Number of protein chains: 2
Amino acid sequence: MDKRIFEMHAGICTIFSNSKRLEIIDLLRDGEKSVNELSSLMEIPQANLSQHLSLMRQRGILETRRDGVNIYYSIANPKVIKAFDIMREVLLEQLSMHEKMFKKIKSA
Amino acid sequence: MDKRIFEMHAGICTIFSNSKRLEIIDLLRDGEKSVNELSSLMEIPQANLSQHLSLMRQRGILETRRDGVNIYYSIANPKVIKAFDIMREVLLEQLSMHEKMFKKIKSA
DNA sequence: TTAATATATTAGATTATTCGCATATAATAA
DNA sequence: TTATTATATGCGAATAATCTAATATATTAA
């Protein structure tokens, strides 16, 4: 089996292992936004936002379109959202399992 | 919007941002395997394998079952595989896009 | 109990990631 | 041209992740 797929997959997960970047992707879920718009919706310095955007663009996760002075970012492949939604189901199921276990312990 | 979901999601992506761990998950795709079996299928020291397994177990990604001297690991939630498969489609589409662009450049 | 096999843990050096800050560039308007 | 707004980049310190090597524990068999 070719192990390069694991390295590629790990590489993209490194990009996704930052909550600010996930928040950016979430803000772009329904369509493109300019850096300015993103900046006003998030609580991070502009330079840091720009670093995150640049990283995701380099990796082909986001794409850009310039309109005058503004640069609009959007999600390159909507399947990313699909994968995220499934992963969040996993997280929510984990939460509810922990909750059940907690109740069981309390009632014992 | 509650930003804790982004932190949880980022946390699980940190776990997935290592190619050895992804390889382990892939080896468990069709069912449980003992540490020994995993160890013979992978090219890493046993202690390191154990660290990866322990981490994924703590995070609820893997579960264990003991049978005598052996400990069998398995994937806790098969939806993880579903999400992985979609993410790999994304990666393959990225690859084929780069290839098309390369051919375009060569033919120009 | 001792030995053998399977698995886990700890410590520490190495390497990678993250963010803040300063500065740079790009487009447009005055 | 100069000023202004929008966006990007480079540097460096702080923090986090990774692996190796040594050691520990758990189960079973002799």
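Note that the structure is predicted; figures quoted are calculated from it, not measured. Order of the sequence lines sets the chain letters (A, B, ...), proteins ahead of strands, with each chain counted from 1.
Side chain of B/Lys33 to main chain of B/Leu27: a donor-acceptor pair is present (N/O by atom type, distance under 3.5 Å, no hydrogens or angles).
Summarising the geometry, the separation between CD on A/Gln46 and P on C/dT23 is reported as 15 Å, rounded to the nearest angstrom. Nucleotide D/dT20 holds its P atom 9 Å from the CD1 atom of B/Ile44, rounded to whole Å. If you take CD1 of B/Ile71 and P of C/dT7, they are 7 Å apart, rounded to a whole angstrom. Between A/Asn48 atom CG and D/dA14 atom C1' there is a gap of 14 Å when expressed in whole angstrom units. Look at CG on B/Leu49: it is 15 Å from C1' on D/dT20, rounded to the nearest Å. The distance between atom CD of A/Glu7 and atom C1' of D/dT18, rounded to the nearest whole Å, is 14 Å. Counting to the nearest Å, the C1' atom of C/dT5 and the CG atom of B/Leu38 are 17 Å from each other. Distance, A/Glu37 CD to D/dA6 P: 11 Å, rounded to whole Å.
B/Ser39 comes within 4.0 angstrom of no nucleic acid atom, judged by non-hydrogen atoms across all strands. Contact annotation for B/Tyr73: backbone-only contact, meaning every heavy-atom pair under 4.0 Å involves sugar-phosphate atoms and none involves a base. Counting non-hydrogen atoms under 4.0 angstrom, B/Ser50 reaches a base of the nucleic acid.
For the residue pair A/Ile15 and A/Arg21, the shortest heavy atom distance occurs at O-NE, 2.6 Å. Nearest heavy-atom pair, A/Leu28 versus A/Glu32, reported as atom, atom and distance to 0.1 Å: CD2-C, 4.2 Å. Among all heavy-atom pairs drawn from A/Ile75 and A/Ile25, the shortest one is CD1-O, 3.5 Å.
Picking from D/dT27, C/dG20, D/dA22 the nucleotide with the shortest atom distance to the side chain of B/Arg66 gives D/dT27. Comparing D/dA22, C/dT7, C/dA27 against the side chain of A/Val69 picks out C/dA27 as the nearest. Closest to the side chain of A/Val35, out of C/dA8, D/dT7, C/dC21, is D/dT7. Between D/dA17, C/dA6, C/dT18, one nucleotide has an atom nearer to the side chain of A/Ser17 than all others, and that is C/dT18.
The side chain of A/Arg21 places an N or O atom within less than 4.0 Å of a non-bridging phosphate oxygen (OP1 or OP2) of C/dT18. Neither OP1 nor OP2 of D/dA17 sits under 4.0 Å from any side-chain N or O of B/Asn18. Remark: A/Asn70 is not in phosphate contact with D/dA6, judged by side-chain N or O atoms under 4.0 Å from OP1 or OP2.
Residue-to-nucleotide contacts include no donor-acceptor pair under 3.5 Å from the side chain of A/Gln51 to the base of D/dT7.
Residue whose closest nucleotide on DNA chain D sits further toward the 5' end, between B/His52 and A/Ser34: A/Ser34.
Here the two rings, on A/Phe16 and B/Phe16, have centers that are 6.0 Å apart or farther.
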